[in-house]
Each structure stands twice: as structure tokens, then as C-alpha cells.
Amino acid sequence: MGKGFFHVPTAINEPIKSYAPGTSEREEVLEQYRSYFNGSVDVPLYIGSEEIKTGNTKPMSPPHDHKHIVGQYHVAEKAHVTKAIDNCLASRSAWADLTWEQRAAVFLKAAELIAGPYRAKINAATMIAQSKNIYQAEIDAACELIDFLRFNVEYMSQIYDQQPDSAEGIWNRVEYRPLEGFIYAITPFNFTAIAGNLPASAAMMGNVVVWKPSDSQVFSAKVIVDIFKEAGLPDGVINVVYGDPVMITETVLASPDFAGIHFTGSTHVFKELWKQIGNNIHTYKTYPKIVGETGGKDFIVAHPSAKPQQVATAIVRGSFEFQGQKCSAASRVYLPKSLSEEILESVKKDIASFNKPGSPEDMSNFITAVIHEGSFDKLAKYIDQAKKDDNAEVIAGGNYDKSKGYFIEPTVILTTDPKYTTMETELFGPVVTIYVYEDKDWSETLKLVDGTSEYALTGAILATDRYAIDEATVALQNCAGNFYINDKPTGAVVGQQPFGGARASGTNDKAGSAQNLLRWVSPRLIKETFVTPIDYRYPFLG
Ligand code: NAD
């Protein structure tokens with residue numbers, strides 16, 4: 001603590017820019033997009049003060065134009081990972097001892113850099129790397145990352161402010177120490193904001209970090225590194241390595257100084273990580289903190305009292321924005337028979353109004369490409385199977401083409417089996433499966449919603465009947481960490497809807513909340529007694 005109880009600037013959500021035709025932000029981002037698209041970036045590993053080019057490189061291509069190369073990144077070998085850990089440990093004490101307001105200032109400055117001079121860069125990089133249309137890039141890479149940084153600084157100061165009472169003659173105080181060791185951040189492809197937040201939230205609390213971004217997000221991860229560097233983050237606080245996730249992870253988890261993992265990605269990978277940590281438990285100097293936000297099979301359930309047009313819009317936005325590649329995307333829907341025809345007609349009409357999937361550079365495209373060939377092939381396989389199965393029917397979309405980009409048409413599968421495979425399995429793409437129930441079976445349907453999936457991330461109920469809303473809120477209590485009433489199940493905003501799910505969807509440490517930051521500290525209680533006793537005898541002994 002410096003010489004004052006400093007108040008941090010009040011965090012407010014970053015306003016979303018419109019990018020409407022004729023706006024300066026639209027021109028700026030398109031210019032940056034073209035510059036990146038026609039350029040060639042060479043992304044090194046960032047370890048300590050070094051930018052390491054290993055010579056073992058992998059090309060980077062936009063998912064919507066996969067034969068076009070926009071640069072390359074250098075792949076780490078085991079020695080680089082060890083070096084990243086060593087740099088963490090060498091940087092730890094200076095960073096951990098820095099006064100909190102100096103750490104706060106680095107991340108507040110990063111937020112302002114994103115809001116200003118880096119906004120077009122981080123958005124254009126996200127459009128290229130992850131094939132997001134400009135609106136999806138803006139709400140993720142610019143606004144959500146800014147919000148994470150600003151709100152987490154505010155939460156950090158609130159945490160430090162939490163102090164115990166002190167009885168007469170003593171003073172109790174708690175200091176929130178960073179963990180003793182280093183943190184391993186593993187980030188997914190789908191949100192630039194998550195990629196920035198997982199290492200930053202731990203670092204903000206005074207920790208040092210080895211960060212492994214997703215191979216499919218390195219292009220935009222590099223902009224995050226540029227921003228943190230310009231914001232003045234000291235070398236060695238966040239060390240960045242890419243490459244074989246298994247080798248990198250084995251090396252990191254073998255270190256006795258491994259103190260915690262901050263993961264977002266798929267459920268299977270997280271469960272394997274947990275197992276590896278368990279197997280190594282006797283190696284570690286401290287019990288590692290394990291934080292993971294993972295998969296989802298998110299639902300929309302409409303009650304017969306719902307308004308059909310609202311349900312249709314929730315389905316179209318909730319299932320298809322960013323090609324359904326949000327962990328919160330609606331992918332199983334339950335419609336009452338009395339409304340189903342009207343809702344499905346409206347959904348089909350909306351889908352017919354989309355352009356064919358294409359490049360985000362064409363701003364009239366709502367739907368762009370899915371992330372990579374593996375994802376494309378998986379989605380195509382499930383769509384083909386649905387076309388063959390007797391208990392399923394593809395009623396919209398169903399076409400795909402990977403000749404130029406990994407394009408999958410927004411697809412609606414109607415099933416007569418509420419446990420049909422695509423009602424249960426996370427596909428992570430623009431495919432939604434719909435089951436129509438008899439209106440009289442509403443309460444039974446809620447049990448189906450609760451019991452169908454191993455996940456419990458997000459879900460939405462649409463209804464006008466307040467008793468139905470109440471019944472669903474209770475019945476669906478454990479199957480969504482983020483529950484929406486009369487809204488789509490996506491679009492959580494930092495500072496307003498802290499995000500995370502339970503069951504197989506993660507440890508629910510709510511990204512963008514004080515609860516998450518608390519995982520990255522180890523409180524030390526200090527009790528000071530002002531007049532220290534000098535006689536062991538208590539009065540009762542007399
Ligand atoms: P992924 O699990 O394939 O990859 C995530 C990260 O783990 C990447 O950095 C990847 O390289 C790494 N990884 C992969 N295999 C590994 C291994 N064996 N050991 C160590 N690391 C490994 O996930 P993805 O495709 O990047 O992202 C999509 C998934 O993330 C979906 O399941 C989605 O639901 C989930 N997700 C969840 C949330 C949430 O908040 N719950 C948010 C975003 C994404």
C-alpha cells in the first residue's frame with residue numbers, strides 16, 4: 001500500500017460502437033482489417049524480456065479464407081516452457097511486492113489503450129483470427145476486455161478493503177497475498193476477452209503467469225500482448241508460449257512451483273487437467289487452485305404463454321450469433337406445440353434473410369465461418385446424420401462448404417426424441433435442435449430440460465405467465481449458472497451478469513467478479529497485540 005487509501009475510478013461498461021455505414025469507426029476497422037489481411041505478422045514467444053523466434057513455425061489463416069496466410073507463429077519446445085516458468089519465478093517478488101495501485105494502473109491503462117488507439121487493431125485481429133463479424137468483435141475484443149480490466153481493478157480494491165474487526169487492545173488486518181508460485185492460464189479460441197482476462201486477472205492480484213493461448217487465436221493474442229507491453233506490464237509477469245498443448249501442460253504441471261490453473265475451454269480437456277494435477281499433487285509446494293469454465297448445452301424453453309416472435313428472436317440470436325461458437329449459445333430448444341408452428345416459421349424466415357455465410361469484411365454478413373476444419377467436419381457429420389435419422393429432420397440450413405472458408409449454414413434440426421444426440425452433445429457451431437412438447441406436459445418438460453445434459457451453463461425461459469416463470473426458476477435451479485427470463489441465454493456483461501456454470505460446465509468461479517479474483521490470493525491474517533501479556537496465569541486460576 002502506498003501512502004493513502006486510494007479510490008479506483010468507478011468502473012462503467014464500455015459503450016458499444018455502432019459501425020453503421022458512414023461512421024468513422026467502420027472505416028478505421030476496415031482499413032486495419034485490410035492492412036492485417038494483406039500483411040504478414042511473425043509472432044514470437046514472449047518470455048521475460050525476450051521475443052523468441054524458435055524457427056519452428058505454424059501459419060495463421062482466417063477461417064473464412066483458409067488458403068490465405070496472414071502470418072506465422074513460433075512454436076515452443078520444452079526448454080522454452082521451462083524458461084517461461086523460470087522467468088515467472090525470477091519476476092515474482094518484484095511484481096508481488098509492487099504496491100497494488102501501481103498494478104491497478106497498468107491494467108487501467110491497458111483498458112484505455114483498447115478503448116482508444118488499439119480498438120480497431122484488436123477488433124480487426126479478432127475478425128481475422130476468429131472470423132467474427134464487427135459487432136461480435138466489438139462486444140468481445142474491445143468492450144468485454146475493457147470491462148474485465150476496469151471492473152476487476154474495482155473488485156481488487158474491494159477485496160483489499162475487506163478487513164476483520166479488532167477487539168480492544170489489538171489490531172487485526174488481512175493482506176491478500178498472491179499465490180506462492182506461478183499461475184498457468186490456458187485460453188480458448190472463441191473470446192479475445194477471455195484470452196486477455198485469464199492471465200490478466202491473476203496477474204492483477206500480484207501473480208506471475210505462464211499463458212498458453214489457443215492455436216486458433218494467436219493472431220489476436222499478439223495484439224493483447226502488444227497492449228499489455230505498452231501499458232507498462234513488466235517483463236516476466238505474463239510469459240506467453242504456444243504449441244503442443246500436451247507437452248506444454250505436462251512441463252508446466254510438473255513444476256513444484258505450479259500454484260494454480262486458470263482455464264477456459266472444453267470439459268474433457270479440463271477433466272484431464274484436473275486428473276494430471278491430482279497425479280502430481282505430492283510434487284507441489286502448495287495446493288494448486290483449479291479454476292475452469294468449460295462446455296455447455298444451453299437451452300431455451302418456451303411456455304405456452306410466451307410471445308412467439310420473442311421466442312423466435314431469442315433462438316436466432318442465441319443460437320447463431322458468432323456461428324453458435326459461444327459457450328452460452330442456445331443449442332437445445334423446447335417449444336410448446338400450440339406455438340411451435342408460428343415460432344419455427346419465423347425462425348426459418350429470419351435464416352432465409354441472412355446472407356450466405358461469408359467474410360466479416362463484408363459487413364452485411366451476419367454469419368461468417370466456424371473456427372477450423374476439425375470443427376467444420378464435426379458439424380457436417382452431425383448434420384448428415386440428422387438428415388438420415390428417422391427421429392430427426394433438418395428443417396432449415398443443412399448445407400456446408402469448406403472450399404474457401406469453413407462455412408456452415410445456420411441449421412435447425414427438429415427432433416421427436418428429447419434425448420436425440422444433438423439435444424445432449426455440445427457441437428459448438430450454428431446448429432440448434434428443437435423438440436416440441438405437448439402443452440399439457442409443461443412441468444414434465446422442465447424435468448427433461450434439467451435431466452438431459454451433463455452441462456449446466458446457461459438457459460432461458462420465455463413466458464408471460466408469472467406462475468410458469470416461478471415454476472421454471474425453481475425447477476431449473478441447478479441446470480444453469482446463468483439463467484435468463486424472457487431473453488436469449490447469451491451476451492453476459494461484466495459487472496452485470498457474472499458468468500459461469502456448474503455440473504460439467506466448470507467450477508463456477510464467475511469470470512468478471514470478485515469471487516474469481518479471490519481464487520488468486522492467499523490471505524494472511526496479521527494480529528498485533530499492543531500490550532503484550534507478561535503473566536501466563538488467567539484470573540480463574542486465582
Ligand atoms: P479446447 O478445449 O479445444 O481448447 C482450450 C484450450 O485448451 C486451448 O488453449 C487448447 O490449446 C488447450 N488444450 C487442448 N487440449 C489440451 C490438452 N490436452 N492439454 C492442455 N491444454 C489443451 O476449447 P476451444 O475449442 O478453444 O473452446 C471451445 C470450448 O470452450 C467449448 O467447449 C466452450 O463451451 C468452452 N468455453 C467455455 C466458456 C465458459 O465460460 N464456460 C467460455 C468460452 C469457451
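Owing to the predicted nature of the structure, the values given are computational and were not obtained by experimental measurement. Starting from 1, each residue takes its place in the sequence as its number. Atoms within a ligand are numbered from 1 in the order they appear, just like the ligands themselves.
One finds the CE atom of M60 at 11.5 Å from the OG atom of S216 (value rounded to the nearest 0.5 Å). Rounded to the nearest 0.5 Å, atoms OH (Y382) and CD (Q385) are 9.5 Å apart.
For the pairing with N239, the side chain to side chain contact (heavy atoms under 4.5 Å, CB included) check across V208, N87, V209 returns one residue only, N87.
Contacts of ligand 1 (protein heavy-atom distance under 4.0 Å) are I186, T187, P188, F189, N190, I194, K212, P213, S214, P245, V246, T249, F263, T264, G265, S266, V269, L273, E293, T294, G295, G296, C327, E426, F428, L457, F499.
Heavy atoms from other residues, nucleotides or ligands lying under 6.0 Å from OH of Y135 number 12 at most. In this structure, R317 places its CZ atom where only 12 or fewer heavy-atom neighbours from other residues, nucleotides or ligands lie under 6.0 Å away.
A pairwise comparison of heavy atoms in Q130 and F322 identifies O-CE1, 3.1 Å as the closest pair.
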